[in-house]
Amino acid sequence: MTSAPRSWEGLNNGDRDTVTHWRRAVEARREFEARHPEHRQRRDAIAAHEGRFERTPLTYRELASRAATSGDANQAAAEASRDRRTDPRPRDEL
């Protein structure tokens, strides 16, 4: 699903065969995910995906749950960044 084109140019300017191919591929993936929910791809909206959040993006859902106590999204994002910074692996393995 993540490799499916998201633009007119990605669909070869609307080429009928390309559109049909991707429609079938997306439908097959949806059916597979319905049968095997453990393989379902995450589709949460991403709040941050660079820097500390490169490997594990910060979703708006996580941001909202962290900000629920303080009411401050900036403080919640800083907290999430600190949590990701405390990775127990040595720097040379990252």
Side-chain angles (χ1 to χ4, degrees):
M1 295 288 279
T2 58
S3 63
R6 289 177 167 68
S7 69
W8 181 256
E9 290 83 16
L11 288 171
N12 199 17
N13 293 326
D15 176 56
R16 181 177 295 175
D17 294 333
T18 305
V19 171
T20 301
H21 163 76
W22 281 109
R23 182 181 50 78
R24 288 181 180 156
V26 168
E27 288 173 357
R29 181 64 191 195
R30 284 187 186 145
E31 291 171 6
F32 174 78
E33 289 177 355
R35 288 190 313 271
H36 305 282
E38 66 273 12
H39 293 285
R40 187 170 293 142
Q41 293 178 343
R42 292 180 60 180
R43 296 191 185 153
D44 294 335
I46 303 296
H49 62 89
E50 296 176 339
R52 299 258 184 239
F53 304 107
E54 183 177 1
R55 293 183 184 199
T56 53
L58 177 65
T59 63
Y60 281 107
R61 181 174 298 179
E62 179 186 353
L63 183 61
S65 67
R66 288 178 178 269
T69 56
S70 68
D72 184 6
N74 289 329
Q75 181 182 357
E79 177 185 316
S81 177
R82 279 192 303 275
D83 288 350
R84 282 164 171 79
R85 189 176 338 152
T86 57
D87 193 338
R89 294 178 293 171
R91 291 297 282 168
D92 60 335
E93 290 183 17
L94 295 177

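Note that the structure is predicted; figures quoted are calculated from it, not measured.
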Checklist line | Heavy atoms from other residues, nucleotides or ligands near CZ of R61 exceed 12 (cutoff 6.0 Å) | finding: no
Note to self: In the structure I gave you, are the side-chain heavy atoms of T69 and E79 within less than 4.5 Å of one another anywhere?
What the structure shows: no
Checklist line | Non-hydrogen atoms of E62 and P57 that approach each other most closely | finding: OE1-O, 4.2 Å
Notebook entry, point to check: If you take all heavy atoms of L63 and A76, which pair is closest and at what distance?
Noted result: CD1-CB, 3.8 Å
Check: What are the two closest non-hydrogen atoms of W22 and A4, and how far apart are they?
Finding: CZ3-CA, 3.5 Å
Next item on the list: Give a yes or no on whether R35 atom CZ has more than 12 heavy-atom contacts from other residues, nucleotides or ligands under 6.0 Å away.
Entry: yes
Next item on the list: Answer yes or no: does atom OH of Y60 have more than 12 heavy-atom neighbours from other residues, nucleotides or ligands under 6.0 Å?
Entry: no
Item checked: Spacing of CG belonging to D44 relative to OG1 belonging to T59, to within rounding of 0.5 Å -> 5.0 Å
Notebook entry, point to check: Under 30°, 30 to 60°, or over 60°: which ring-plane class applies to H36 and F32, parallel, tilted or perpendicular?
Noted result: tilted
Notebook entry, point to check: Backbone N or O of T56 within a donor-acceptor pair of the R84 side chain at under 3.5 Å?
Noted result: yes
Check: Should I46 and L58 be counted in the same cluster of Ile, Leu, Val, Met, Phe, Trp and Tyr side chains packed under 4.5 Å apart?
Finding: no
Check: Which atoms form the tightest heavy-atom contact between A34 and R40, and what is the distance?
Finding: CA-NH2, 4.4 Å
Notebook entry, point to check: Do any N or O atoms from the side chain of T20 and from the backbone of R16 form a donor-acceptor pair under 3.5 angstrom?
Noted result: yes
